[in-house]
*Asks:* 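What follows is a single structure, and I will ask about it in a moment.
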There are 2 protein chains.
Amino acid sequence: MIKINDKRRLEKYILNHRINEIFDNDIKCFMELFYFKRNEYICKEGEDVPYLFFFVEGKVKIYITMSNGKSLLICFYDDFRIIGDMEMMSVKPATNNVQAIQDTYCIGISMETARKYLLNDVKFLRFMCGSLGDKLDKCSNNCSINLLYPLENRLASYILATGQKLNCNGKSVIKINENLKEISELLGTSYRHLIRTFNILIEKGGIIKNNGGYEVADEEILKKLSADLYK
Amino acid sequence: MIKINDKRRLEKYILNHRINEIFDNDIKCFMELFYFKRNEYICKEGEDVPYLFFFVEGKVKIYITMSNGKSLLICFYDDFRIIGDMEMMSVKPATNNVQAIQDTYCIGISMETARKYLLNDVKFLRFMCGSLGDKLDKCSNNCSINLLYPLENRLASYILATGQKLNCNGKSVIKINENLKEISELLGTSYRHLIRTFNILIEKGGIIKNNGGYEVADEEILKKLSADLYK
DNA sequence: ATTTTAATATGACATATGTCATACCTAATT
DNA sequence: AATTAGGTATGACATATGTCATATTAAAAT
């Protein structure tokens, strides 16, 4: 996490996402811009979250770890969202992990400041209720999909959501650059079955193997297979 | 849904659940007490919710129906909770179904009144943020459990959560009185597999068949099998 | 009384997924 | 060079779950 001292850029994000409009009070002066490198954690389960964040650019994944050590993907954010909302209200440590899967920018307001000014800001509280409601709605929807669709569909969706676009000799290639064991845990399946399902996607022409890694071969095929999960 | 004109009872609920303490304004005068018979709907997907409800006694189940017609259990409420919170914020119709599975009492405030007074009530908005945060936390947790445990465990939990306690010749018996097809849908499984799993629970001594219906034979066995789901 | 319908139940088989043993490769360690 | 460890890959088999055909029973409709 690196603080970016770029007033212009901060202003740009505030304008683009109309962040000023969600507060009664002008608290622009308390806002700081932060950069998270790909793979870096924005918050970790069990740890205090030092800032209330407004996610403004990049992509993050949210996952939970269970008491038996297994972890499971909850969802992705790739559009404007609040991070740290639950922690702000409950003064409890985070219950989920939030990890950047692309270089990511967040606007942060320190938790003390946020609690001091925003817990009395009607406009913001309303916004937060709406935001939490949205999250809850998406969560219950994803939950259903997880239970009702086999891994093949969820994996296709996961690849499209997390695959890294790279330029490879002029061609744009989407690669799966993550540890396969971790992917299997996030998708709530076994390593064995994950590999099996990768092979099925290869058979169906959605992906290919290259240099010991997987790459997207046909985005359309994957799109058809992915049933709007993790949206 | 029947309006109960019993000031005393209403007062009792307000006191017990400290409902007055979650508002800055005294809005007791707008509160009405409602009774829902077992199996009755408190809200239905796609329909407007006419009241903001405070669930105070009984038990309800929340489930979602998917575009392909399948439905899936989200959770149960058997403790003080808000119903209609998301609808109040977003002025959208309900996205979930809420159905009483026991005789249930809710305190209701008409949506107009709620929007008029409560959208400016800081204390209430804070409470609502906390409440939505709790729901989100539980949802993501249940979601994980659903994916990580087989039906046997989920069914055991479901039976304990929804089984009806009846007095049968002096003995207390817990019966499963619901339509089995519906149960299978709520648990996100096939009818065939549900029956199979009932039979497994019979083999393990957790339940027995009686008069063509299933009954709990050994609560402890079921408790061990149910991994804290739907709590 | 007969027919129809809905709910319950089961066998047979197919598919989805988990577990375990093991093998291979590469990078790090000794 | 030999050893170790982590990540990747696969076969064999077991378990979990889905699909389909079909039987049975009880309640509802005619």
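Note that the structure is a prediction, hence the values are computed from the model and not measured. Lettering follows sequence order; numbering is per chain, from 1. Hydrogens, waters and symmetry mates are skipped; everything else that's a heavy atom, side chains included, is used.
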*Asks:* Compare side-chain N and O positions of A/Lys209 against OP1 and OP2 of D/dA9 and report whether any pair is under 4.0 Å apart.
*Replies:* yes
*Asks:* For residues 78-88 of chain B, tabulate all N or O donor-acceptor pairs below 3.5 Å that involve a side-chain atom, not counting sequence neighbours.
*Replies:*
residue, atom, partner, partner atom, Å
B/Asp85, OD1, B/Lys135, NZ, 3.4
B/Asp85, OD2, B/Lys135, NZ, 2.7

*Asks:* Check the distance between D/dG7's P and A/Glu182's CD and give it to me in whole angstrom.
*Replies:* 8 Å
*Asks:* In whole Å, I'd like the distance from the CG atom of A/Asn211 to the C1' atom of D/dA9.
*Replies:* 17 Å
*Asks:* With sequence neighbours excluded, give me every side chain to side chain donor-acceptor pair (under 3.5 Å) pair touching residues 206-217 of chain A.
*Replies:* A/Asn210-A/Glu215
*Asks:* Select base, sugar-phosphate, or nothing to describe what B/Thr189 touches, counting heavy atoms under 4.0 Å on all strands.
*Replies:*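 Since only primed, P, OP1 and OP2 atoms lie under 4.0 Å of B/Thr189, the category is sugar-phosphate.
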*Asks:* Which residues satisfy the side-chain hydrogen bond (donor to acceptor under 3.5 Å, both in side chains) test with B/Arg192, sequence neighbours excluded?
*Replies:*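 Expected list: none.
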*Asks:* Counting only side-chain N and O atoms of A/Asn199, is one of them less than 4.0 Å from OP1 or OP2 of D/dA9?
*Replies:*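 No, because none of the side-chain N or O atoms of A/Asn199 sits under 4.0 Å from OP1 or OP2 of D/dA9.
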*Asks:* Can you name the side-chain hydrogen bond (donor to acceptor under 3.5 Å, both in side chains) partners of A/Gln102, sequence neighbours left out?
*Replies:* none
*Asks:* With B/Glu32, which residues qualify under salt bridge (Lys or Arg N to Asp or Glu O under 4.0 Å), at least two apart?
*Replies:* B/Lys3
*Asks:* How would you label the contact of A/Gly213 with the nucleic acid (heavy atoms, under 4.0 Å): base, sugar-phosphate, or nothing?
*Replies:* nothing
*Asks:* I want to confirm an ordering. Mapping A/Arg196 and A/Leu180 to their closest nucleotides on DNA chain D, which one lands closer to the 5' end?
*Replies:*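 Counting from the 5' end, the first nearest nucleotide belongs to A/Leu180.
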*Asks:* Mind checking B/Phe198 for me? I need base, sugar-phosphate or nothing, with any heavy atom below 4.0 Å counting as a touch.
*Replies:* nothing
*Asks:* Taking 5' to 3' order, which nucleotide of DNA chain C is first and which is last to have an atom within less than 4.0 Å of a heavy atom in chain A?
*Replies:*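 Extent of the interface on DNA chain C: C/dA16 to C/dC20.
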*Asks:* Return the value, rounded to whole Å, for the distance between atom CD1 of B/Ile195 and atom C1' of D/dT24.
*Replies:*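 Result: 13 Å.
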*Asks:* For DNA chain C, whose closest nucleotide is more 5', that of B/Asn179 or that of B/Arg192?
*Replies:* B/Asn179
*Asks:* Kindly state whether the ring of A/Tyr51 and the ring of A/Phe34 have centres lying under 6.0 angstrom apart.
*Replies:* yes
